[in-house]
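I have placed the structure first, in the form of structure tokens, so that the comments after it can refer back to it.
Scope of the values below: all heavy atoms of this structure, side chains included, with no hydrogens, waters or symmetry mates.
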Amino acid sequence: MKKIVVVGGVAGGASAAARIRRLDASAKIVMFEKGPHVSFSNCCLPYYLSGTVAKADSLVLMTPEKFHAQHDIDARTNSEVTAINREEKTVTVKNLLTGEEYAESYDKLILAPGANPVLPRSIEGIDRENVFVVRNTVDITALKSYIDQHDAEEIVVVGGGFIGIEVAENLREAGKSVSLIEGMNQIMAPFDYDMVQILHKELDDHGVDLYLSSTVTAVKDGRVEASHNGETIVVPADVVVMAIGVAPETKLAAAAGLEIGETRGIKVNHNFQTSDPDIYAVGDAVEIFNALTHTPGRLALAGPAQRQARAAADHIYGIPSNNNGFIGSSCIRVFGQNAASTGLNEKAAAKAGYQFDSVLIFPNDKVGLMPDSHYMAFKLVFEVPTGRILGAQAIGKGAADKRVDVIAAMITMGATLEDLKELELCYSPVFGTAKDVVNFAALVGLNILYGRYRQVHVNEVRGLVESGAYIVDVREPNEFAAGHLNGAHNIPLSQLRERMNEIPKDVPVYVHCRSSQRSYYALCCLQGNGFDNIINISGSYLGICLYEYFNDKTEKRAPILDHYNFN
């Protein structure tokens with residue numbers, strides 16, 4: 001009879017223990033969790049702040065009693081494993097309620113200690129009682145209790161990643177005044193700068209005060225101090241939530257002499273074995289393989305942790321697993337916008353040394369006659385010259401996750417733009433369009449890849465306007481009147497054939513419409529009539545408005561548009 005000891009619960013540890021029980025009815029399984037709850041929904045924690053999750057007890061998914069009754073697993077909470085004794089094949093366990101220490105033997109050991117929130121000691125006042133992190137049910141309960149008991153209204157969230165954004169959204173939904181401070185020049189690192197402007201606007205539209213490129217230096221009575229461009233800014237704060245990232249919990253593994261990887265996670269092999277073949281590691285604490293960059297990396301997400309847990313459990317019982325590494329698929333809701341990403345964004349592709357290009361489109365997510373049809377911003381990154389799909393990002397009110405899930409599957413299968421062009425997907429007017437968003441992106445990408453036309457990206461438009469470039473807006477006059485680029489020439493597509501003589505042939509001409517569809521038609525028409533100087537503006541007017549709006553407002557720079565129109 002095998003004896004398996006699991007250190008840590010939640011997605012990694014609990015999943016491994018449950019899988020082992022399914023494989024071996026007679027194994028003795030002992031699971032240690034130093035917190036009071038062995039299995040809880042950490043991804044749902046922020047939603048307790050708004051009341052979306054009404055009771056904190058609902059966050060607890062399994063109790064030790066249920067683990068024992070349903071799976072014959074000995075789950076011990078408030079029990080911290082303080083040492084691994086590899087030669088004796090035991091772990092030292094401390095009962096945090098009684099202080100008692102004892103040894104527990106194992107045949108195989110699985111480590112799933114997770115990751116700890118980063119709390120920089122350089123920040124003055126980081127240990128104040130009104131500073132919180134969000135890692136488990138104890139943390140979220142303490143945060144909400146403090147807010148309620150102190151009638152706290154001014155909340156500062158530090159960090160613009162998944163937890164920070166979800167905490168900010170839910171506190172705002174609860175009626176609190178929320179400020180979000182982020183050290184980088186954007187929130188949500190998986191998204192490129194052009195795409196994330198949509199989320200910046202969404203936070204701003206919902207009353208979240210967003211401070212970018214700002215580093216918190218001190219937490220004091222009733223305020224937070226931060227550095228921005230060499231100046232100190234002061235933000236009112238009754239409560240501070242630190243969400244600037246997590247660091248893998250490797251102290252136990254390192255003390256036991258297990259190898260730590262170059263990204264500071266526990267190093268594991270194909271089967272999630274550590275440098276000790278009798279010890280496995282899974283979840284947020286491990287270093288794994290990025291399938292696209294072919295480099296080590298870490299990924300603190302529940303889905304990969306569960307797959308790793310299953311693979312480790314299977315290997316203990318001689319069942320092989322195909323380890324393809326990770327590509328990094330994720331999604332988030334930011335008030336009314338759904339956002340998802342997979343694979344590499346442009347920053348990551350450049351860092352990995354790829355030759356690549358990208359397309360940005362704004363098609364409808366459903367047939368336009370449907371009352372809940374909206375635009376969807378969709379960006380597709382692909383390798384040049386192969387056309388291999390490297391990544392995608394989608395933001396919109398509709399099913400952004402569905403589109404990105406399609407791309408995640410294509411990336412996993414090594415697909416190209418040609419494959420995506422031919423991909424057959426479900427269609428109904430209430431779900432999508434006959435030529436879906438992802439098919440559109442493939443077609444546009446192929447046009448760029450094969451040199452059928454040239455494009456400039458949305459981040460280049462400001463320079464074009466300021467330099468006096470010749471820009472043609474092919475929208476109808478009423479659309480042009482509702483907002484346009486400064487200095488643009490309005491030649492509607494419906495009038496283009498009669499007014500071609502107005503368009504010069506001796507300088508570059510940049511064309512756009514609302515979403516790039518009509519400007520593409522105009523470009524084809526002009527190229528077919530001998531113009532070889534036509535360049536399409538990727539993302540067109542809608543993309544330009546979204547890209548420029550937040551920075552124009554916060555940086556107080558001169559707008560390049562006479563009005564912002566997001567319709």
Side-chain angles (χ1 to χ4, degrees), residues 189-195 270 288-297 299 304 322-331 340-363 376-395 400-425 435-460 516-517 520 523-524 527 532 534-539 543:
F191 293 87
D192 279 316
Y193 189 74
D194 50 5
M195 290 291 286
H270 178 95
I288 48 181
F289 174 72
N290 187 311
L292 289 166
T293 64
H294 304 289
T295 57
L299 191 67
N322 187 19
N323 189 334
N324 294 319
F326 70 90
I327 61 173
S329 302
S330 60
C331 59
S341 69
T342 189
L344 304 180
N345 58 25
E346 288 189 310
K347 293 172 294 188
K351 184 177 179 181
Y354 279 101
Q355 294 295 315
F356 68 94
D357 207 339
S358 68
V359 293
L360 173 60
I361 60 174
F362 285 83
M376 178 167 289
F378 190 85
K379 185 172 187 178
L380 189 65
V381 182
F382 54 90
E383 186 179 39
V384 175
T386 66
R388 183 162 68 104
I389 300 167
L390 298 177
Q393 302 155 51
I395 302 177
D401 59 329
K402 167 186 169 181
R403 273 66 185 211
V404 166
D405 282 343
V406 168
I407 303 301
M410 300 295 280
I411 293 173
T412 302
M413 301 302 292
T416 67
L417 295 175
E418 288 284 1
D419 298 317
L420 184 57
K421 179 190 76 171
E422 296 297 329
L423 188 65
E424 183 179 341
L425 299 168
K435 191 183 296 175
D436 191 75
V437 171
V438 297
N439 302 123
F440 266 119
L443 291 168
V444 176
L446 286 169
N447 282 336
I448 298 301
L449 183 67
Y450 295 154
R452 295 191 182 111
Y453 69 81
R454 293 175 291 163
Q455 69 174 0
V456 292
H457 296 285
V458 69
N459 63 308
E460 301 174 75
S516 291
Q517 187 173 53
Y520 170 62
L523 182 146
C524 291
Q527 288 186 162
D532 61 2
I534 310 301
I535 304 165
N536 199 38
I537 295 177
S538 177

- [ ] Measure the spacing between CD1 of I448 and CG of N536 and express it to the nearest 0.5 Å.
- [x] 7.5 Å
Open item on the list: Apply side-chain contact (heavy atoms from CB on, under 4.5 Å) to residues V404 and Q393 and explain how you reach the verdict.
Closed with: CA-CA 7 Å; V404 166; Q393 302 155 51; over 6 Å; no
Open item on the list: Quick check: do F378 and V444 have side-chain heavy atoms less than 4.5 Å from each other?
Closed with: no
- [ ] For the pair F191 and K379, evaluate side-chain contact (heavy atoms from CB on, under 4.5 Å) and give the outcome as yes or no after the intermediate values.
- [x] CA-CA 10 Å; F191 293 87; K379 185 172 187 178; over 6 Å; no
Sequence neighbours left out, cut at 3.5 Å: what donor-acceptor pairs do the side chains of residues 355-363 make with other protein atoms?
residue	atom	partner	partner atom	Å
D357	OD1	H457	NE2	3.3
S358	OG	E346	OE2	2.7

Open item on the list: When you measure from the side chain of Q527 to the backbone of R452, do you find a donor-acceptor pair of N or O atoms at a distance under 3.5 Å?
Closed with: yes
Open item on the list: Looking at every non-hydrogen atom in both residues, tell me the closest pair between K421 and L446 and how far apart they are.
Closed with: CD-CD1, 3.7 Å
TODO: Go through the structure and list residues passing side-chain hydrogen bond (donor to acceptor under 3.5 Å, both in side chains) with N345, not counting sequence neighbours.
DONE: none
Open item on the list: List the residues meeting side-chain hydrogen bond (donor to acceptor under 3.5 Å, both in side chains) with S329, not counting sequence neighbours, and say none if there are none.
Closed with: T342
- [ ] Compare every heavy atom of A352 with every heavy atom of T293, then report the nearest pair and how far apart it is.
- [x] CG2-CB, 3.8 Å
- [ ] Please round to the nearest 0.5 Å and tell me the distance separating atom CG of D419 and atom CE of M410.
- [x] 5.0 Å
Task: Sequence-distant partners of Y453, ring-ring contact (aromatic ring centres under 6.0 Å, His included), two or more places apart - done: Y520
Task: Full working for side-chain contact (heavy atoms from CB on, under 4.5 Å) between R388 and Y354 - done: CA-CA 11 Å; R388 183 162 68 104; Y354 279 101; 3.2 Å; yes
Open item on the list: Once rounded to the nearest 0.5 Å, what's the spacing between atom CD1 of I389 and atom OG1 of T412?
Closed with: 10.5 Å
Task: Minimum heavy-atom distance between I411 and G343, given as atom pair plus value - done: CD1-CA, 4.1 Å
Open item on the list: Measuring from atom OG of S341 to atom CD1 of I395, what distance do you get when rounded to the nearest 0.5 angstrom?
Closed with: 9.0 Å
Open item on the list: For a 4.5 angstrom cut-off between non-hydrogen side-chain atoms, does L523 reach I534?
Closed with: yes
Task: Separation between CG of L449 and OG1 of T386, rounded to the nearest 0.5 Å - done: 7.5 Å
- [ ] State, to 0.1 Å, how close A442 and L380 come at their nearest heavy-atom pair, and which atoms those are.
- [x] N-CD2, 4.1 Å
Open item on the list: Just to verify, what does Y193 make a side-chain hydrogen bond (donor to acceptor under 3.5 Å, both in side chains) with, not counting sequence neighbours?
Closed with: N551
TODO: Using the side-chain contact (heavy atoms from CB on, under 4.5 Å) rule, take L344 and V381 through it: C-alpha gap first, then chi angles, then the decisive distance, then the call.
DONE: CA-CA 7 Å; L344 304 180; V381 182; 5.6 Å; no
Open item on the list: Can you tell me how far apart CG (N324) and CD1 (I288) are? Round to the nearest 0.5 Å.
Closed with: 12.0 Å
Task: pair L299-N290: side-chain heavy atoms closer than 4.5 Å - done: no
Task: Nearest non-hydrogen partners of A189 and K347, listed with the distance - done: O-NZ, 3.4 Å
Task: side-chain hydrogen bond (donor to acceptor under 3.5 Å, both in side chains) partners of residues 435-444, not counting sequence neighbours, each pair once - done: R403-D436
